[in-house]
Amino acid sequence: MNSTQKIFSVIDYNLDATLTSGQAFRWKRHGNGWVGIIGNRWVQLQSKGTELLAQCAEPVADWDWLTHYLQLDLDLREVVATFPSDLAMRSAVNACQGLRLLRQDPWECLASFILSSTKQIVQIQQIVSLLCEKFGQPVAVPEGFPGARSFPTPERLALASEIELRNCKMGFRAPYLLASARMIAEGRLNLQQLHSLSADEARARLLELPGVGPKIADCVLLFAYGFQTAFPVDVWVMKALRQLYFPRRRPSRLKLQGFTQNYFGRNAGYAQQYLFHYMRTRRENGTVKTN
DNA sequence: TCAGACCCTCACAG
DNA sequence: ACTGTGAGGGTCT
């Protein structure tokens with residue numbers, strides 16, 4: 001039966017933490033819940049205990065897209081059980097039970113992270129919001145809600161000028177986003193095809209894009225393609241790693257990569273998300289308990 | 001490996 | 001109120 005809303009039963013799903021943890025940049029708080037756009041759909045989400053209420057603007061026949069985006073079928077306990085059990089890791093997990101990884105659209109994720117370099121999360125949200133406002137397609141919205149737009153396609157952005165993009169306050173990231181959009185629009189890189197590659201191969205392809213370095217490539221592998229071994233190292237995670245595991249000398253990037261893969265295991269990327277969130281939200285901002 | 005440049009905005013001093 | 005300053009989920013050269 002088609003309905004505009006559905007109730008999912010969930011265990012250990014911290015919606016607030018998940019939507020504010022810097023993976024996705026378009027969710028806005030609305031009352032107790034959240035409003036966002038997934039693909040071409042407007043969605044409102046509310047979490048109540050073990051229930052997750054989803055509301056759309058138009059009737060939905062099949063909710064698989066939302067189950068997939070939110071990764072509702074994932075057994076989080078099984079994932080957390082694979083983390084190393086040092087104190088910092090345990091503290092990070094305890095500080096934020098139910099933090100999840102989303103499974104986003106590759107292009108939206110890629111473009112958003114190209115825009116993320118040396119920006120704070122609120123600033124990224126602002127840029128992405130302007131970008132959607134200017135280049136996105138209108139989507140259906142329920143009565144009484146402000147209009148909303150989808151994330152612009154690479155084809156649309158490929159037609160934009162650098163000036164237009166800079167007007168979205170993205171500064172020096174504009175030529176990167178434009179060039180990447182063009183490469184994808186021209187078919188020089190097929191984002192869907194990366195699903196069929198290994199993590200290393202997919203990573204190599206992403207690194208061909210201008211404005212995409214190791215950190216952003218890993219974010220896309222993790223947040224869009226679900227390669228859970230991908231381990232984005234940003235300033236926060238680097239701070240944690242150095243304090244915790246390399247107190248003496250700083251390791252080379254290659255060494256660090258080897259270490260994170262071995263030490264954090266097959267869900268290294270998930271572990272990274274907990275460390276990131278922990279570092280970012282702790283009161284003493286930047287210190288981690290080591291014993 | 002190692003800086004420095006790169007846009008722009010906001011928070012925070014003074 | 002105003003101006004000055006610094007730094008912010010990096011990447012490129």
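In what follows, chains are A, B, ... by sequence order, proteins preceding strands, each numbered from 1.
When heavy atoms are screened at a 4.0 angstrom cut-off, P214(A) is found touching the sugar-phosphate backbone but no base atom. Within the 4.0 angstrom heavy-atom criterion, no nucleotide atom of any strand lies near V122(A). Counting any heavy atom pair closer than 4.0 Å across all strands shown, Q23(A) reaches a base atom.
Here the nucleotide nearest the side chain of T118(A), chosen from dG10(C), dT11(C), dC10(B), is dG10(C). Between dT9(B), dG10(C), dC7(B), one nucleotide has an atom nearer to the side chain of R166(A) than all others, and that is dC7(B). Candidate nucleotides dG8(C), dG10(C), dC7(B) were compared by shortest atom distance to the side chain of D234(A), and dG10(C) ranks first. The side chain of K169(A) lies closest to dT9(B) when the candidates are dT9(B), dC7(B), dT11(C). The side chain of K119(A) sits closest to dC8(B) out of dT11(C), dC8(B), dC6(B).
The same atom, P, is picked in dT3(C) and in dC7(B); the two are 24 Å apart, to the nearest Å.
Taking a 4.5 Å side-chain heavy-atom cut-off between Ile, Leu, Val, Met, Phe, Trp and Tyr, the cluster of V139(A) extends to V35(A), I37(A), W42(A), V141(A), F145(A).
In this structure, I121(A) places its CD1 atom 18 Å from C1' of dC8(B), rounding to the nearest Å. Counting to the nearest Å, the P atom of dC8(B) and the CG atom of N167(A) are 9 Å from each other. Following rounding to the nearest Å, I127(A) (CD1) and dG8(C) (P) show an atom-to-atom distance of 16 Å. To the nearest angstrom, P of dC6(B) lies 13 Å from CZ of R173(A). Rounded to an integer number of Å, the gap from CZ of F172(A) to C1' of dC7(B) is 6 Å. Going from atom CG of L178(A) over to atom C1' of dT11(C) covers 17 Å, rounded to whole Å. The nearest whole Å value for the distance from the CD atom in E208(A) to the P atom in dT11(C) is 16 Å. Spacing between atom NZ of K215(A) and atom P of dT11(C) amounts to 7 Å, rounded to whole angstrom units.
Using modelled atom types and a 3.5 Å distance limit, the side chains of S3(A) and Q5(A) yield no donor-acceptor pair. For the residue pair Y263(A)/D86(A), the side-chain donor-acceptor check at 3.5 Å is satisfied. Checking Q55(A) against T4(A) by side-chain atom types alone, a donor-acceptor pair falls below 3.5 Å.
A salt bridge does not link R26(A) to E133(A): none of the charged nitrogens lies less than 4.0 Å from a carboxylate oxygen. Using a 4.0 Å cut-off between a side-chain N of Lys or Arg and a carboxylate O of Asp or Glu, R205(A) and E201(A) do not qualify as a salt bridge.
Note on ring orientation: taking the six-membered ring where Trp is involved, the planes of Y245(A) and F259(A) are tilted (angle from 30° to 60°). Ring geometry for F8(A) against W63(A) counts as perpendicular: the plane angle is over 60°, on a 0 to 90° scale with 30° as the lower cut.
Toward the 5′ end of DNA chain C lies the nearest nucleotide of Q272(A), the other residue of the pair V212(A) and Q272(A) mapping further downstream. Heavy-atom distances to DNA chain C give each of Q123(A) and G213(A) a nearest nucleotide, and the one nearer the 5′ end belongs to Q123(A).
Proximity of the aromatic rings of F25(A) and F113(A) is defined here by a centroid distance below 6.0 angstrom, and this criterion is met.
Put simply, the side chain of E155(A) never gets that close to the backbone of I184(A): no donor and acceptor are under 3.5 Å apart.
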According to the Watson-Crick and G-U wobble definition with distances under 3.5 Å, which dot-bracket string, read 5' to 3', encodes DNA chain B, using [ ] for crossing pairs and | for pairs with another strand?
..||||.|||||||
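Contacts between residues 100-115 of chain A and DNA chain C, defined by a heavy-atom separation under 4.0 Å, are made by F113(A).
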